[in-house]
Student: 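What follows is a single structure, and I will ask about it in a moment.
All values below were derived from every heavy atom in this structure, side-chain atoms included, with hydrogens, water molecules and symmetry-related copies excluded.
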Amino acid sequence: MVKRAATTLVAVAMGATALATAPAYADPVAPSSSPTPSPTAGDTARKPYTPDPRIVSVDVDPDVVVVSKGRSARVTARVTTKDVQSVDIDLWGPRGRGDHGGDHGGDHWFGKRKGGPNDGPKFDRASRSWSFDWSDRAGTYRVHVEAIGLDGKKYTEDRSFTVKRKEWHSPRPTGAKATRIAGFDATPNPVRKGRALTLKGKLQVAQCWGDWYYDDWNDFSGRRGGDRYCSDSRNYWNNWRWLGSQDVKIYFQSSGSHRWQYVDTIETNGDGGFAAKVRALRSGTWAVRFDGNRGLKGSEATDYVKVWRH
């Protein structure tokens, strides 16, 4: 037993000596950072796109809509958006939402958009048109745009435009204004020979709203339908206006004669009225005439009187 143990110890000692004296086969290598291996195409990760929802632009053409009587005019709104899932285009009238009459409302939905984490920006365009005619209210209208972004938030934008009516105006006259002698009367009629006659009437000038005049008094009846000749901001007939401090001449033409005889000249008073006394000697036609001047057209009126003897 003792001999075997000693043999074992010797063997262990010899192995330790051999390990210590073994030759070196390579120099030690200093530690260093190794390079990152080149990735393959399938290993590349795309950076997620972050949506940027907004209404890029709202354009309205034209910005002033002019409508004429019997005709219509059209206005168009064009909307550009980015990263939205839906958009609504509506028209608001001068008195607020819903005040647009007729078929002036409207919307345009893109429909739902699904945006993935790697999707790029989405630009969309939409347009909406409306027609206006004479019956539509004039004033300022507003195009109201509401969009729902891919982030679920609501975005709004407004643009306004104006609707105007094109009023018809008769050309402002450059010549003389129309006149008339209204209510001319020779009384009494019939009358006894040698008795006095009274000639009276009023000299007037045609006038409309805004002091507009028309140069043909035959078209001034003072009734609706004739008032189209006399329009300014409102298509209403106003009236004939007095014409004072003007000379009116009196003439007489006896029955059976073709010659007018001058009798007298009288002046109109402040309200355009005039009156004169003449003697009745024979039957015939009495006339009063305003000759006019550079700014006023002439006018006249007549009345036949029967003269009888005793």
Student: Taking only residues at least two apart or on different chains, which pairs with a member in residues 273-286 satisfy salt bridge (Lys or Arg N to Asp or Glu O under 4.0 Å)?
Tutor: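 Qualifying pairs: none.
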
Student: To the nearest 0.5 Å, how far apart are NZ in K202 and CZ in R180?
Tutor: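 With rounding to 0.5 Å, NZ (K202) is 10.5 Å from CZ (R180).
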
Student: With F161, which residues qualify under ring pair (Phe, Tyr, Trp, His ring centres under 6.0 Å), at least two apart?
Tutor: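 Ring pair (Phe, Tyr, Trp, His ring centres under 6.0 Å) list for F161, sorted by chain: F132, Y141.
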
Student: To check you understand the geometry: which heavy-atom pair defines the closest contact between W134 and S68, and what is its length?
Tutor: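 Heavy atoms of W134 and S68 come nearest at CE3-C, 3.6 Å.
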
Student: For the OH atom of Y155 and the CD atom of E146, what is their distance to the nearest 0.5 Å?
Tutor: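 One gets 13.5 Å once the value is rounded to the nearest 0.5 Å.
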
Student: Under 3.5 Å, which donor-acceptor pairs link side chains of residues 52-63 to any protein atom two or more places apart or in another chain?
Tutor:
| residue | atom | partner | partner atom | Å |
| --- | --- | --- | --- | --- |
| D52 | OD2 | R54 | NE | 3.3 |
| D52 | OD2 | K82 | NZ | 3.4 |

Student: Working to the nearest 0.5 Å, report the span between CG of N293 and CD of Q246.
Tutor: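 Between atom CG of N293 and atom CD of Q246 there are 6.0 Å.
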
Student: List the steps and the verdict of side-chain contact (heavy atoms from CB on, under 4.5 Å) for L243 and L296.
Tutor: CA-CA 10 Å; L243 193 54; L296 298 169; 3.6 Å; yes

Student: Would you tell me whether D90 and W92 have side-chain atoms, one donor and one acceptor, within less than 3.5 Å of each other?
Tutor: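 There is such a pair (donor and acceptor under 3.5 Å, judged by atom type) between the side chains of D90 and W92.
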
Student: Does one side chain, of T187 or N189, offer a donor that lies under 3.5 Å from an acceptor on the other?
Tutor: no

Student: Is a donor from one side chain sitting under 3.5 angstrom from an acceptor on the other, for H144 and D158?
Tutor: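 Yes, because at least one side-chain N or O of H144 sits under 3.5 Å from a partner of the opposite role on D158.
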
Student: Scan for salt bridge (Lys or Arg N to Asp or Glu O under 4.0 Å) pairs involving residues 243-263, sequence neighbours excluded, and state none if there are none.
Tutor: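 Applying salt bridge (Lys or Arg N to Asp or Glu O under 4.0 Å) to every pair that reaches into residues 243-263, excluding sequence neighbours, yields K249-D291.
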
Student: If you look at every heavy atom in P188 and V305, which pair is closest and at what distance?
Tutor: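 Minimum heavy-atom contact is O-CG1, 4.2 Å.
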
Student: For V278 and L199, what are the C-alpha separation, side-chain angles and deciding distance, and is it a side-chain contact (heavy atoms from CB on, under 4.5 Å)?
Tutor: CA-CA 8 Å; V278 294; L199 310 179; 4.1 Å; yes

Student: Please answer: with hydrophobic residues joined when any side-chain heavy atoms are less than 4.5 Å apart, are F184 and V263 in the same cluster?
Tutor: yes

Student: For V67 and D136, run side-chain contact (heavy atoms from CB on, under 4.5 Å): C-alpha distance rounded to whole Å, both residues' side-chain angles, the deciding distance at 0.1 Å, then the answer.
Tutor: CA-CA 9 Å; V67 293; D136 291 309; over 6 Å; no

Student: Write down the atom of L203, the atom of S299, and the distance for their closest heavy-atom approach.
Tutor: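 Closest pair (atom of L203, atom of S299, distance): CD1-OG, 3.9 Å.
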
Student: Indicate every side-chain donor-acceptor pair of residues 70-80 with a distance under 3.5 Å to a residue at least two apart or in another chain.
Tutor:
| residue | atom | partner | partner atom | Å |
| --- | --- | --- | --- | --- |
| T76 | OG1 | S129 | OG | 2.7 |

Student: Nearest 0.5 Å please: distance from the CD1 atom of I250 over to the OG1 atom of T265.
Tutor: 7.5 Å

Student: Could you tell me which non-hydrogen atom of P94 sits nearest to which non-hydrogen atom of A138, and how far apart they are?
Tutor: CG-O, 4.0 Å

Student: Listing request: all ring pair (Phe, Tyr, Trp, His ring centres under 6.0 Å) pairs with a residue in residues 244-269, at least two apart in sequence or in separate chains.
Tutor: Y251-Y262, F252-W286

Student: Are the side chain of Q85 and the backbone N or O of G149 linked by a donor-acceptor pair below 3.5 Å?
Tutor: yes

Student: What is the minimum heavy-atom distance between I266 and A276, and which atoms define it?
Tutor: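 Closest heavy-atom pair between I266 and A276: CD1-CB, 3.9 Å.
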
Student: Indicate yes or no: does D83 engage K122 in a salt bridge with an N to O separation below 4.0 Å.
Tutor: no

Student: Quick one: pull up CZ in R241 and CD in Q204 and give me the separation to the nearest 0.5 Å.
Tutor: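 Going from CZ on R241 over to CD on Q204, the span is 11.0 Å.
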
Student: Measuring from atom OH of Y304 to atom OG of S283, what distance do you get when rounded to the nearest 0.5 angstrom?
Tutor: 4.0 Å

Student: Quick one: do L281 and V307 satisfy side-chain contact (heavy atoms from CB on, under 4.5 Å)? Show the steps, please.
Tutor: CA-CA 7 Å; L281 298 177; V307 176; over 6 Å; no

